[in-house]
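Presented below is the structure to which this report refers.
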Amino acid sequence: MQLNIANHEYTVIENGIYYFALPEYPEISAGELRSILEFIAYEKKYGRETEIVCDDAALLTKVTDAIAAPDSIEAVEAYDRYVYHATSLGSAKKILASGRLLSAVNVYGKTAEQLAYEKKDSLWNDPADYFEYIMFGWGSDPVGDYVVMSEVETDDMEEEFKTGKHTGVRFYFRYADLEKHPGQIADGYHAIKVKDEIVLKDYLFACVVPEQFKDEVLPCVPEALREKIVFLPQEELGIWDWSVKVYDCICGMEK
């Protein structure tokens, strides 16, 4: 994997390159250095070397110094109290009915290598091991819905993002709770991810469902999860406005 550190518009992994964006480029924070260290450690765990590309010499020195002396980088607090995993309506109904959130390997009953091969021509082209995990984004980040909506077959994706017609269902968790899960790991890219499965009754904070899906979702919800389900009017909000509305709702639920 290549780690490309520059003044990118956004952070994303595409086709084997981790485009690491720095909002204050070429300045880099302790949190950003920590993410780089986590990424390199995760890649090493799965037998991959990390090639670092950075055109700014001073910035590159800061990165290599951190790699050489990781204990010199101060610990930082989590970016947010909440993380979430977004899914399509159909997948959400199955997840709620089973009471478990599963990795792609466990959902489809295929090997990680098979799933990676099937996605080899996609924009994301993730490494095989990614399919062994349930991946989470930070609570206010719209990227989860972006991924869900990107799977929709449409001739006008821009309009899809503006109206949010196929907005995902969001499963929210407290970051501190998932840190205690035995299968959790930091990969320096996702907020956090968990291997194999999460039993919802043990970890779920809330599941936010666009209100237009209420009649389809309610029959799938077991009694143990009823109080965790929130139906929120979506009102054809675009992906960014919807993210703000959902996150405000989640923050308001904390007692």
Side-chain angles (χ1 to χ4, degrees), residues 1-80 83-86 104 112-113 115-151 157-158 161 184-193 239-240 243:
M1 189 80 77
Q2 181 189 110
L3 176 62
N4 189 297
I5 308 168
N7 192 23
H8 302 301
E9 185 176 354
Y10 46 80
T11 291
V12 66
I13 290 179
E14 292 179 353
N15 295 317
I17 301 176
Y18 185 3
Y19 296 97
F20 196 93
L22 295 175
E24 303 298 326
Y25 182 86
E27 298 301 316
I28 189 167
S29 68
E32 289 159 346
L33 285 170
R34 179 63 60 186
S35 292
I36 288 173
L37 294 177
E38 290 172 347
F39 177 76
I40 293 172
Y42 178 87
E43 291 296 292
K44 186 176 181 179
K45 173 181 172 68
Y46 282 95
R48 294 189 292 268
E49 294 296 322
T50 302
E51 174 194 6
I52 300 174
V53 174
C54 179
D55 291 336
D56 187 282
L59 174 56
L60 180 58
T61 296
K62 291 179 183 177
V63 172
T64 55
D65 286 349
I67 294 170
D71 292 341
S72 67
I73 306 304
E74 63 186 80
V76 293
E77 292 186 2
Y79 177 77
D80 196 344
V83 296
Y84 78 94
H85 179 84
E113 289 72 21
L115 291 169
Y117 181 79
E118 290 174 4
K119 293 288 187 178
K120 65 182 175 64
D121 294 325
S122 72
L123 177 63
W124 316 113
N125 196 16
D126 290 333
D129 46 272
Y130 276 38
F131 296 92
E132 299 173 0
Y133 291 89
I134 306 149
M135 294 168 278
F136 294 88
W138 294 113
S140 60
D141 193 329
V143 71
D145 277 321
Y146 176 83
V147 173
V148 170
M149 294 164 72
S150 294
E151 298 292 327
M157 186 56 69
E158 185 177 346
F161 292 142
Q184 70 85 23
I185 194 170
D187 67 359
Y189 179 51
H190 302 93
I192 193 170
K193 58 189 189 183
I239 191 169
W240 285 99
S243 283

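The model shown is predicted, which means the values in this text are computed figures rather than measured ones. Only this structure's heavy atoms are used, side chains among them; waters, hydrogens and symmetry mates stay out.
Rounded to the nearest 0.5 Å, atoms CE (Met1) and CD (Glu49) are 12.5 Å apart. Rounding to the nearest 0.5 Å gives a distance of 13.0 Å between NE2 of His190 and CD of Glu38. Asp126 CG to Leu115 CG: the interatomic distance, rounded to the nearest 0.5 Å, is 11.0 Å. In this structure, Lys45 NZ and Asp129 CG are separated by 9.5 Å, a value rounded to the nearest 0.5 Å. One finds the CD1 atom of Ile40 at 6.5 Å from the CG atom of Leu3 (value rounded to the nearest 0.5 Å). Glu77 CD to Asp80 CG: the interatomic distance, rounded to the nearest 0.5 Å, is 11.5 Å.
For the pair Glu132 and Lys193, the salt-bridge criterion is not met [side-chain N within less than 4.0 Å of a carboxylate O].
Side-chain atoms of Thr11 come within 3.5 Å of backbone atoms of Ala21 as a donor-acceptor pair (strictly under, hydrogens ignored). A side-chain donor-acceptor contact under 3.5 Å links Tyr84 to the backbone of Asp141.
Outside the 6.0 Å centre-distance limit, the rings of Tyr133 and His85 are not counted as a close aromatic pair.
Contact check for Val12 versus Tyr189: side-chain heavy atoms found under the 4.5 Å cut-off. Side-chain contact between Gln184 and Phe136 is absent, with no heavy atoms from C-beta onward closer than 4.5 Å. A 4.5 Å side-chain heavy-atom check between Val53 and Ile17 finds every atom pair outside the cut-off.
Under a cut-off of 6.0 angstrom, the local environment of CG in Asn7 is crowded, with over 12 non-hydrogen atoms contributed by other residues, nucleotides or ligands. The number of heavy-atom neighbours closer than 6.0 Å to OH of Tyr79, taken from other residues, nucleotides and ligands shown, is 12 or below.
Ring geometry, Tyr46 versus Tyr42: the interplanar angle falls from 30° to 60°, so the pair is classed tilted.
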